[in-house]
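Data first, discussion second: the structure below is written as structure tokens.
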Amino acid sequence: MNERWTRKDLLGLRELSIDEINFILETADAFKQVGAREIKKVPALRGKTLVNFFVEPSTRTRTSFELAAFRLSADVINITASGSSLTKGETLKDTAKNLEALHADILVLRHSSAGAPQFLAERLKSSVINAGDGAHEHPTQGLLDAYTIREKRGKIDNLHVVIIGDILFSRVARSNIFCLTKLGARVTLVGPSTLVPRDFEKLGVTVSHKIDNVLPDADVVNLLRIQHERQRKEYFPGTGEYTRLFGLTKARAKMLKPDCLVMHPGPINRGVEIDSEVADGSRSVILDQVTNGLAVRMAVLYLCGGIAT
């Protein structure tokens, strides 16, 4: 395996070096070209078995990892919490140990508890990929967002990236912050003070509670949905008020630079954090994020899966 990558697991972006992040993005470049071929498969993980273990529901991430594994010629097993022995009281550790006993090489885990992927990675020989753990991190989303920005703008260094929405409960926001600041971007967080506390400034970002002051200078705008499932009602002012104060409406979109990128990790709450016309407009790279997510996850599976024993 290349000396630039020696990890069997991808648990978060906070612990990765700039060189490791860039190496993943460079590897994703090669795998994106595979998607343009008539035959979209390579034998890189032939003989390996990947288990998609999603304790929390997911459509895009689970499907993206599944398709990425298929394109790398791995065998894939999908497991959800409702279809596993977790519902019978089995612990996460015992479930994972049983999967390893069946010679699963890679475990892709989404879990509601922060730290669950690290807990398993310390106990399993298999490669563990974090597909989102609580409000902690979602590393492949952070990587695919960085990949999309770099692809569309040619660089990340010195770009002003504005992340708007529920930052407090967002694992996507944290992974983006860790990744983009390391790659030289200037990051501003925008949202209600209850959801974007000043404490985030310790991570090297700027915090603002007035969206109209920030949008004209933005090179990238990344909209996040409100994480209703992770927060109490008092954190959130109400859908109508949120849209009025922080939504990327058609009127606000006119404040953006012509080449400003509009991003969203999905699922989109149309008419709340972003207007439908803006989400589907010429600045939007939301579907490019989905496409690039496949290449990035192929790269991550290839790099980590090649090291796990």
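Residue numbers count from 1 along this sequence.
The residues Asp275 and Lys250 are annotated as not salt-bridged, no charged nitrogen and carboxylate oxygen being separated by less than 4.0 angstrom. The existence of a salt bridge linking Asp75 and Lys48 is excluded, since no basic side-chain nitrogen approaches an acidic carboxylate oxygen closer than 4.0 Å. In this structure, Lys152 pairs ionically with Asp288, as a charged nitrogen and a carboxylate oxygen lie closer than 4.0 Å. Classification of Arg283 and Asp259 as a salt-bridged pair fails, no side-chain N sitting under 4.0 Å from a carboxylate O.
A distance-only check finds no donor-acceptor pair linking the side chain of Lys41 to the backbone of Val34 [under 3.5 Å]. At least one donor-acceptor pair closer than 3.5 Å links the side chain of Thr27 to the backbone N or O of Phe23. In terms of modelled atom types and a separation under 3.5 Å, the side chain of Ser175 and the main chain of His138 share a donor-acceptor contact. Between the Arg14 side chain and the Arg174 main chain, no donor and acceptor come within less than 3.5 Å of each other. Panel note: side chain Ser126, backbone Ala104; a donor-acceptor pair is recorded below 3.5 Å. Side-chain atoms of Arg110 come within 3.5 Å of backbone N or O of Ala131 as a donor-acceptor pair. Using a distance-only test at 3.5 Å, with no hydrogens or angles considered, a donor-acceptor pair links the side chain of Gln289 to the main chain of His264. In this structure a side-chain-to-backbone donor-acceptor pair under 3.5 Å is missing from Glu273 to Arg270. For the pair Lys182 (side chain) and Leu16 (backbone), a donor-acceptor distance under 3.5 Å is present. Listed for the Thr291 side chain is a donor-acceptor partner under 3.5 Å among the backbone atoms of Leu287.
Annotation: side chain of Val196 is not in contact with side chain of Val190 (no heavy-atom distance under 4.5 Å). Contact annotation: the side chain of Val108 approaches that of Phe54 to within less than 4.5 Å [non-hydrogen atoms, C-beta and beyond]. With contacts defined as side-chain heavy-atom distances shorter than 4.5 Å, the pair Ile274/Val262 qualifies. Side-chain contact check for Ile164 versus Ile211: some heavy-atom pair is nearer than 4.5 Å. Between Val205 and Thr188, every side-chain heavy-atom pair lies at or beyond the 4.5 Å cut-off. Side-chain atoms of Leu67 and Leu294, non-hydrogen and from C-beta on, do get closer than 4.5 Å to each other. Within the 4.5 Å cutoff, the side chain of Asp133 has heavy atoms near those of the Pro117 side chain. Put simply, the side chain of Phe53 reaches to within 4.5 Å of the side chain of Thr95, judged on heavy atoms.
Looking at Thr91 and Asp94, their side chains do bring a donor and an acceptor atom within 3.5 Å of each other. The closest side-chain donor-acceptor pair between Glu137 and Asn130, if any, does not fall under 3.5 angstrom. With no hydrogens or angles considered, no side-chain donor-acceptor pair links Glu26 and Asn22 at under 3.5 Å. Using modelled atom types, one finds a donor on one side chain and an acceptor on the other under 3.5 Å when comparing Asp217 with His160.
The local environment of NZ in Lys93 is sparse, with at most 12 non-hydrogen atoms from other residues, nucleotides or ligands closer than 6.0 Å. For CG of Leu102, the number of neighbouring non-hydrogen atoms (other residues, nucleotides, ligands) closer than 6.0 Å is greater than 12. Atom CD of Glu20 has more than 12 heavy atoms from other residues, nucleotides or ligands within 6.0 Å. More than 12 non-hydrogen atoms from other residues, nucleotides or ligands lie less than 6.0 angstrom from NZ of Lys257.
Nearest heavy atom pair, residue Ala69 against residue Leu50, reads CB-CD1, 4.1 Å. Closest approach of Val161 and Ile149 over heavy atoms only: CG2-CD1, 4.3 Å. Across every non-hydrogen atom of Gly142 and Asn176, the tightest pair is CA-ND2, 4.0 Å. Closest of all the heavy-atom pairs between Pro197 and Val207 is O-CG2, 3.9 Å. Considering every non-hydrogen atom in both Tyr242 and Leu224, the closest pair reads OH-O, 4.5 Å. Shortest non-hydrogen contact noted between Val296 and Tyr147 is CG2-CB, 4.0 Å.
Taken to the nearest 0.5 Å, the CG atom of Leu109 stands 9.5 Å off from the CD atom of Glu56. How far OG of Ser170 is from CG of Leu195: 10.5 Å, rounded to the nearest 0.5 Å. Considering CG of Leu124 and CZ of Phe119, their distance stands at 9.0 Å, rounded to 0.5 Å. Here Ile106 contributes atom CD1 and Lys8 contributes atom NZ; the two are 11.0 Å apart, rounded to the nearest 0.5 Å. Within the model, atoms CZ of Arg153 and OG1 of Thr148 stand 13.5 Å from one another, a figure rounded to the nearest 0.5 Å. One distance of note links CG of Leu301 with OG of Ser127; it measures 7.5 Å at 0.5 Å rounding.
Checking each of Ile286, Val172, Val290 against Pro265 for a side-chain contact (heavy atoms from CB on, under 4.5 Å) leaves exactly one that passes, namely Val172. Among Asn52, Asn78, Thr61, the one residue that satisfies the side-chain hydrogen bond (donor to acceptor under 3.5 Å, both in side chains) test with Glu66 is Asn78.
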**Request:** Let me see the working for Gln33 and Asp29 under side-chain hydrogen bond (donor to acceptor under 3.5 Å, both in side chains), right down to the final yes or no.
**Result:** CA-CA 7 Å; Gln33 295 173 19; Asp29 280 331; over 6 Å; no

**Asked** For Leu183 and Asp157, what are the C-alpha separation, side-chain angles and deciding distance, and is it a side-chain contact (heavy atoms from CB on, under 4.5 Å)?
**Response** CA-CA 6 Å; Leu183 297 178; Asp157 187 42; over 6 Å; no

**Request:** Verify side-chain contact (heavy atoms from CB on, under 4.5 Å) between Asp219 and Cys260, making sure each step is shown before the conclusion.
**Result:** CA-CA 5 Å; Asp219 297 303; Cys260 181; 5.8 Å; no

**Message:** Glu151 vs Lys32, test: salt bridge (charged side-chain N to carboxylate O under 4.0 Å, His left out). Steps then yes/no.
**Reply:** CA-CA 11 Å; Glu151 178 186 60; Lys32 186 165 185 183; 2.4 Å; yes

**Request:** Determine, stepwise, if the pair Leu180 / Asp145 fulfils side-chain contact (heavy atoms from CB on, under 4.5 Å).
**Result:** CA-CA 9 Å; Leu180 295 173; Asp145 288 347; over 6 Å; no

**Message:** Is there a side-chain contact (heavy atoms from CB on, under 4.5 Å) between Val221 and Leu215? Walk through the geometry before answering.
**Reply:** CA-CA 8 Å; Val221 173; Leu215 290 181; 4.0 Å; yes

**Request:** Quick one: do Arg225 and Asp166 satisfy salt bridge (charged side-chain N to carboxylate O under 4.0 Å, His left out)? Show the steps, please.
**Result:** CA-CA 7 Å; Arg225 73 181 180 90; Asp166 178 358; over 6 Å; no

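At least one test fails for Arg62 against the ring of Phe65: distance under 6.0 Å to the centre or angle within 45° of the axis.
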